[in-house]
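In what follows, a structure is listed as structure tokens, so that the remarks can point back to it.
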Amino acid sequence: MDIRVTIEGQEVEATLNDSPAARDLDSLLPLTLDLKNFHGTERIADPPRKLTTGNAPVPQAPKTGDLTYYAPWGNLAIFYKDGPSASSDLLVLGHINADAEQLSGADRITIEAAA
């Protein structure tokens, strides 16, 4: 699923996968989220509610640009560095085509359905 992502006023290409959690996130769009740094690898924010985690895809280690959902805390995370090993608690929802520098400095992001 194509989505429109705006980082600090600049639009970048992005997609969501077809997982139940990604479809649930899509149902919440549009979202504007304030981001904070976490663990030196990702920017995190809280969506308005927890996402569904049933029928999650096979866990995979997050890569730079991945949009993910950390189920235990119910937060979204955008990785600006490759993440740790795969975990069943971390669901990859999609990918944002932006460079690590742009992602690491992002304080606000808007995610919208593609027109």
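Nothing here was measured: the structure is a model prediction, and the numbers come from that model.
- Linking ILVMFWY residues whenever their side-chain heavy atoms come closer than 4.5 Å, directly or via other members, places V12 and L93 in the same cluster.
- At a threshold of 4.5 Å between non-hydrogen side-chain atoms, the residues P59 and S88 count as touching.
- For the 3.5 Å distance criterion, the side chains of S19 and N17 qualify, holding a donor opposite an acceptor.
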Requested in this report: Evaluate the criterion side chain to side chain contact (heavy atoms under 4.5 Å, CB included) for residue pair I96 and I109; output intermediate values, then yes/no.
Outcome: CA-CA 11 Å; I96 300 170; I109 187 171; 4.0 Å; yes
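- A salt bridge links R49 with D24: the distance from a Lys NZ or Arg NE/NH1/NH2 to an Asp or Glu carboxylate oxygen falls below 4.0 Å.
- In terms of heavy-atom proximity, P84 sits nearest to P62 at O-CD, 3.5 Å.
- Applying the 6.0 Å contact sphere to CG of N55 captures no more than 12 heavy atoms from other residues, nucleotides or ligands.
- Separation of atoms NZ (K81) and NE2 (H39) is listed at 10.5 Å; rounding is to 0.5 Å.
- Hydrophobic clustering (ILVMFWY, side-chain heavy atoms < 4.5 Å, transitive): L76 and W73 are in distinct clusters.
- With a 4.5 Å cut-off on side-chain heavy atoms, K36 and I44 count as touching.
- In terms of heavy-atom proximity, G74 sits nearest to D46 at O-OD1, 4.3 Å.
- Shortest non-hydrogen contact noted between P30 and E112 is CB-CG, 3.9 Å.
- Using modelled atom types, one finds a donor on one side chain and an acceptor on the other under 3.5 Å when comparing D82 with T64.
- When all heavy atoms are compared, the tightest approach of I7 to A106 is CG2-CB, 3.5 Å.
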Requested in this report: Quick one: do V5 and T110 satisfy side chain to side chain contact (heavy atoms under 4.5 Å, CB included)? Show the steps, please.
Outcome: CA-CA 6 Å; V5 172; T110 299; over 6 Å; no
Report task. Under the side chain to side chain contact (heavy atoms under 4.5 Å, CB included) rule, what do R23 and M1 come out as? Steps first, then yes or no, please. Result -> CA-CA 9 Å; R23 288 192 305 270; M1 296 179 277; 3.8 Å; yes
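- The CD atom of E42 sits 11.0 Å away from the CG atom of L35 when rounded to the nearest 0.5 Å.
- Residue E8 qualifies as enclosed at atom CD: its count of foreign heavy atoms under 6.0 Å is above 12.
- Separation of atoms CD (E11) and OG1 (T6) is listed at 4.5 Å; rounding is to 0.5 Å.
- For the pair P20 and T52, the tightest heavy-atom approach, listed with the atom from each and the gap, is O-CG2, 3.4 Å.
- For the atom pair L29 CG and R4 CZ, the distance stands at 10.5 Å (nearest 0.5 Å).
- Residues L28 and I111 are not in side-chain contact: their nearest non-hydrogen atoms beyond the backbone lie 4.5 Å or more apart.
- Residues N37 and Y80 have side chains that bring a donor and an acceptor to within less than 3.5 angstrom of each other.
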**Report entry** Steps toward side chain to side chain contact (heavy atoms under 4.5 Å, CB included) verdict (T41, F79)
**Finding:** CA-CA 6 Å; T41 57; F79 281 79; 4.1 Å; yes
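- Under the 4.5 Å side-chain heavy-atom criterion for Ile, Leu, Val, Met, Phe, Trp and Tyr, Y70 and L51 are members of distinct hydrophobic clusters.
- In this structure, D99 contributes its side chain and E101 its backbone to a donor-acceptor pair below 3.5 Å.
- T53 is not listed as a side-chain neighbour of D89, based on a closest heavy-atom distance of 4.5 Å or more.
- The pair D107-R43 meets the salt-bridge criterion, with a side-chain N (NZ, NE, NH1 or NH2) lying under 4.0 Å from an Asp/Glu carboxylate O.
- Transitive grouping of hydrophobic side chains (ILVMFWY, heavy atoms separated by less than 4.5 Å) keeps L31 and V92 in distinct clusters.
- A continuous path of ILVMFWY side-chain contacts below 4.5 Å connects I78 to L91, so both sit in one hydrophobic cluster.
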